[in-house]
Amino acid sequence: MKAIDRKLVRDLWGMRGQALAIAFVVLAGVATYIAMRGIMAALQRSLTDYYEAYRFADGFATLRRAPEAARRQLLDIPGIAQLETRVTAPVRLDVPGFGEPVQGVLVSVPEGQQPLLNQLVLRAGRLVAPGHPDEVLLNEVFAQAQGLRPGDRLAATVNGRRRNFTVVGIALSPEYLLQMQPGTLFVDPARFGVLWLGREALAAACDMRGAFNDVTFSFAAGTRGQDVIERIDHVLARYGGRGAVLRKDQFSNFAIHEEFRQLRTTSTLLPGIFIAVAAFLLNIVVSRLISLQREQIGVLKAFGYTNTDVGLHYAKLVLLVALAGGAAGVVVGLWLAGLMGDLYLDYYRLPSLDFSASIGSVIAALVLTTGAALLGVQRAVRRAVRLSPAIAMRPALPALYHATIMERVGFQRWFDQPTRMILRNLDRQPVRALLTVVGIAFACAILVMGLFFGDSFDFIMRVQYGLAERQDVTVVFVEPTSTEAVHELARIPGVQWAEPFRSVAVRLRHGHRQYDASLEGVPTAARLRRIIGTDLEPIEIPAGGAVLTDRLAEVLHLRPGDSVTVEVREGSRRTRSVAVVGIARQFIGMAAYMDLGTLNRLAGAGQAVSGAHLMIDRPAEAAITAALQERPRVASILAQERAIEAFNEMVDRSMLTMTFILSLAAAVIAFGVVYNSARIALSERDRELASLRVLGFTRAEIAYILLGELTVLTLAAIPVGCLLGAAFSAWVVTSLQTDMYRFPIVLGRGTFGMAAAIVLGAAVVSALIVRYRLNRLDLIGVLKTRE
Amino acid sequence: MAASVVFRARAVTKIYEMGEVRVQALRGIDLELYAGELVVLLGPSGSGKSTLLNILGGLDTATGGQVLYHDRDLTRADDRELTEYRRHHVGFVFQFYNLIPSLTARENVAIVTEIAHDPLPPADALALVGLGERLDHFPAQLSGGEQQRVAIARAVAKRPAVLLCDEPTGALDSETGVVVLDALERVNRELRTTTAIITHNVAQADIAERIVHLRDGLITRIEQNDHRRPARELAW
Ligand SMILES: Nc1ncnc2c1ncn2[C@@H]1O[C@H](COP(=O)(O)OP(=O)(O)O)[C@@H](O)[C@H]1O
Ligand SMILES: [Mg+2]
């Protein structure tokens, strides 16, 4: 090895603590980048392949009922390549030994063969055979959650009639990457499942022989989807069509694309912060190293090393740190991607995850990292390059200090000498002090951002389940039913109160904007399902008016006082202009609300209800559930407690790891910044501090001078970090919000306290390490060598 | 003088500008240095000795006048040419040794020989200054005199045509200083390297063939030394 490279290695070893701290920050940046980008690329590639291989449909439509003959009309629509009619039906299942209501949806498949579109990935068993109407296939996630296997039997209620099914196979479908019960917003695989039944069998079970209530289709190349959708809606209007959707709006596909959008945001923001911090740390460390090595640089130049040689020498040092951190980051990132891949596959059911070609993101990560690192040090290195050898051989002038403003305006009486030293030192290098504050503030901000979601979810819980949805059980009928059914429910022993509701599929229009939503009718003076306004007070909706959730109002650009056009997409199919009378604060789902009576007049079919919210005596829950299950017209029974549990489970799963990773990341940054600042301060001032020790100052007193400065910076950084964190949170929240969720920006005092505590903790640890070094300051050695 | 001229300085001036303040460090220097000779630059602190030496060595450039190294005009040279000049023709010895603390004695020499044409092996250069036994010691493990001898070995290992020493004994006691001067003398004798040594110590001037006296940025006198004494006989 060349002598100059040996110098490099030994310099690096001499600053191994700092180099390691920086390498860790780089590692964190590269690892998060590789993991998130890798996962995203793998998911996207696997998804495309999956959709292609299993013929995921381009469009979907549901309707009330159409004769099979209507298929011809649909096929004649220009642009349609393939079209398949289906029957779907809600089902209630009795899973032996489970004891709680399980709902499902039955989807028809041709007997003995794969469907044309949305083909199944058979994971076990076989497809349903012709002439065996009891044979079903289960969606894998449901089968796993319930421990069901081919050969198992299930009792079910379809269209009010009891049936027995035999499981013959377990399958995945590109249509259900994610299976969620309509009306809920959380994955609850044990309580809701997708089942595939032979077309003949299902049609027979729900009086749909020679008819269909669901269509999927694919487009010929070069077709404008929206045109086809409009024609399909036109054809299906008379059969109770509920509006066709394009693939992009199909639930499971939409959900995974939302995930991509979120991944894209986080995979930019998080690594970006890490790399910026690493570049900053490299900048201060290398600047310091170069000013310490002025004379060495002078000697090298005096002996004929060129500017390029000198520049390369320091650039190599930086590259070594960046690449060491980067390489470790790649390894950790790939490992993390594997872990995350499993988590994602658990949630989004794809047949496999193809992880092969993430080499692009590896290269991108390394190039970005080294680029940022070199950019961070380029000023310092250029200073080294420009250093004239003659100047370098002279000792640097003593640093120039001033009395600080605080002293000049007359506060000096209050400061003892050590405190003045702290203040003047901060005053002398305001830029560095500022950057240190920014670095620590970043750490604090990341923590706030990680912890903030907890507060946000708590708030959602409080509003959604504490104020708005106070029912214990929600019952949904198979189809709109007379109000008498609600009275019947109220008479079940243990039911204290039953409150009807009706929901109607509508298209809302305002100007050129439109949105398909559900319009919910609520009774006056509702006690269970209340509509909560932006002031968190219940809203009483006046007859004739509508209340929109805040997100929906935003999407449609509506404000109270405006009027919105409501097109009913079932029953009466009327179109009316309705006044917006209020905005509801709602974080989950988008809907519009109306007084039940007004909705009934609008939607027709008399005093109908879609279901009821119940308040019950807790001990009677099992009996009530059993009683409800007896009733053929009950399509689904949703226990509110389950919904809350599922919500919490989802929060825990996604947020715990996220919070943990972010906290760890923030601690790494806080430690890296504070430790490096302290080490640099120590190396700049060891002579001064040693002199003070010689003059009789105690260890504690000199520690005060050195660490006091860092304490000031850390304390200044925390409020800045909290503000920055609030801003980050707001930004992340807007980029994470979907039509399904929106996160309120609620920042609890606990979050700020926790973030501050972790930052302080990291600062204290680094201070202790520096204090240890300070205690071992070599008084004679430090004073002997010439600066 | 039969020997060929290595340096020819004509009316060399140097002005340092530091903001408002202008310091005239050299006020018009005329000087020749001859191949193989050993010259001492003598003068009080602040008289411009280092400035002159830095200009001769290509560490700095003159404000006015001309400096020729053989027929190369150093006053016209750009940074790249000066670097090349220093790399292949000049060896420096500094008052505070300026060794690289993270490198051993041998490596401190090697760092220079690695970029030179036809250098001495580092071990031989160290043997020349009597440090053949301390090859693998770090600067911190060597005394001041030993460090300065490593610095001399480093300066001569590339067989430079000129050796420029700025107060090489300045930080040393007299006994150690003698050892260092002896090493320089030996290099001058054995390798025939043109050697210029700065000192403000009159006693040390006795080792020189010629003594150049400076004061206030001017050469006051150039003295031919007829009573040359070997360094070993000096004391101060
Ligand atoms: N880089 C510099 N900037 C400003 N003034 C300088 C610089 N180097 C030297 N000087 C001034 O030039 C004069 C000559 O300095 P120098 O050559 O170092 O003297 P000597 O080496 O004889 O002690 C002194 O007054 C010194 O202060
Ligand atoms: Mg000098």
Side-chain angles (χ1 to χ4, degrees), chain A residues 1-16 19 289-290 292-314 316-317 382 384-397 400 683 778 780-787, chain B residues 14 16 18 25 50-51 53-55 57-61 78-117 119 122 138-140 144 147 151 154-155 157-158 160 164 166 171:
Chain A
M1 199 195 294
K2 286 206 166 167
I4 189 156
D5 293 326
R6 237 173 248 188
K7 165 181 179 304
L8 186 108
V9 171
R10 295 202 185 122
D11 286 347
L12 208 51
W13 179 247
M15 48 186 260
R16 58 190 175 279
L289 184 71
I290 284 172
L292 272 180
Q293 296 195 345
R294 279 169 64 88
E295 296 175 14
Q296 298 184 34
I297 295 166
V299 167
L300 290 177
K301 288 194 162 183
F303 280 102
Y305 276 84
T306 63
N307 291 346
T308 319
D309 294 335
V310 171
L312 272 182
H313 179 62
Y314 290 100
K316 265 196 226 167
L317 184 124
R382 259 209 300 199
V385 165
R386 277 211 233 96
L387 214 55
S388 131
I391 302 282
M393 301 317 298
R394 275 168 217 282
L397 294 172
L400 190 59
S683 94
D778 173 5
I780 301 153
V782 160
L783 295 178
K784 197 172 63 179
T785 53
R786 195 183 70 106
E787 175 90 4
Chain B
K14 176 71 181 178
Y16 289 111
M18 304 165 66
S50 297
T51 304
L53 202 76
N54 286 348
I55 291 172
L59 290 178
D60 212 342
T61 46
D78 62 14
D79 182 68
R80 200 182 47 77
E81 287 162 335
L82 286 181
T83 302
E84 195 276 336
Y85 161 64
R86 294 196 301 266
R87 188 174 191 137
H88 296 302
H89 302 275
V90 195
F92 291 97
V93 177
F94 306 100
Q95 179 178 358
F96 295 103
Y97 338 131
N98 289 316
L99 299 179
I100 309 264
S102 54
L103 297 180
T104 63
R106 189 209 302 267
E107 290 161 355
N108 260 291
V109 178
I111 202 167
V112 172
T113 57
E114 277 165 3
I115 59 166
H117 301 314
F138 283 93
Q147 287 186 55
R154 175 176 68 181
K158 66 173 170 195
L164 304 177
D166 192 347

Test: salt bridge (charged side-chain N to carboxylate O under 4.0 Å, His left out). Region: residues 301-311 of chain A. Which pairs qualify, not counting sequence neighbours? D309(A)-R87(B)

Write out all pairs satisfying salt bridge (charged side-chain N to carboxylate O under 4.0 Å, His left out) with one or both partners inside residues 90-107 of chain B, taking only residues at least two apart or from two chains. R6(A)-E107(B), R10(A)-E107(B), R106(B)-D136(B)

Of all the heavy-atom pairs spanning T83(B) and Y305(A), show the shortest one and how long it is. CG2-O, 3.7 Å

Most contacts with chain A, counted as non-hydrogen pairs under 4.5 angstrom, among R80(B), E84(B), R154(B): R154(B)

Of the backbone (N, CA, C, O) and the side chain (C-beta and beyond), which part of F138(B) lies under 4.5 Å from a heavy atom of chain A, both, or neither? side chain

Quick one: does any side-chain atom of N108(B) pair with a main-chain N or O of L103(B) as donor and acceptor, under 3.5 Å? yes

Would you say the side chain of L300(A) lies within less than 4.5 Å of the side chain of I111(B), judging by non-hydrogen atoms? yes

Given a strict heavy-atom distance threshold of 4.5 Å, which part of A155(B) is in contact with chain A: side chain, backbone, both, or neither? both

Quick one: what part of N307(A) sits under 4.5 Å from any heavy atom of chain B, side chain, backbone, both or neither? side chain

Measuring heavy-atom distances to chain A, does D79(B) have an atom under 4.5 Å in its side chain, in its backbone, in both, or in neither? side chain

For chain A, find which of V90(B), D60(B), V112(B) contributes the most heavy-atom pairs closer than 4.5 angstrom. V112(B)

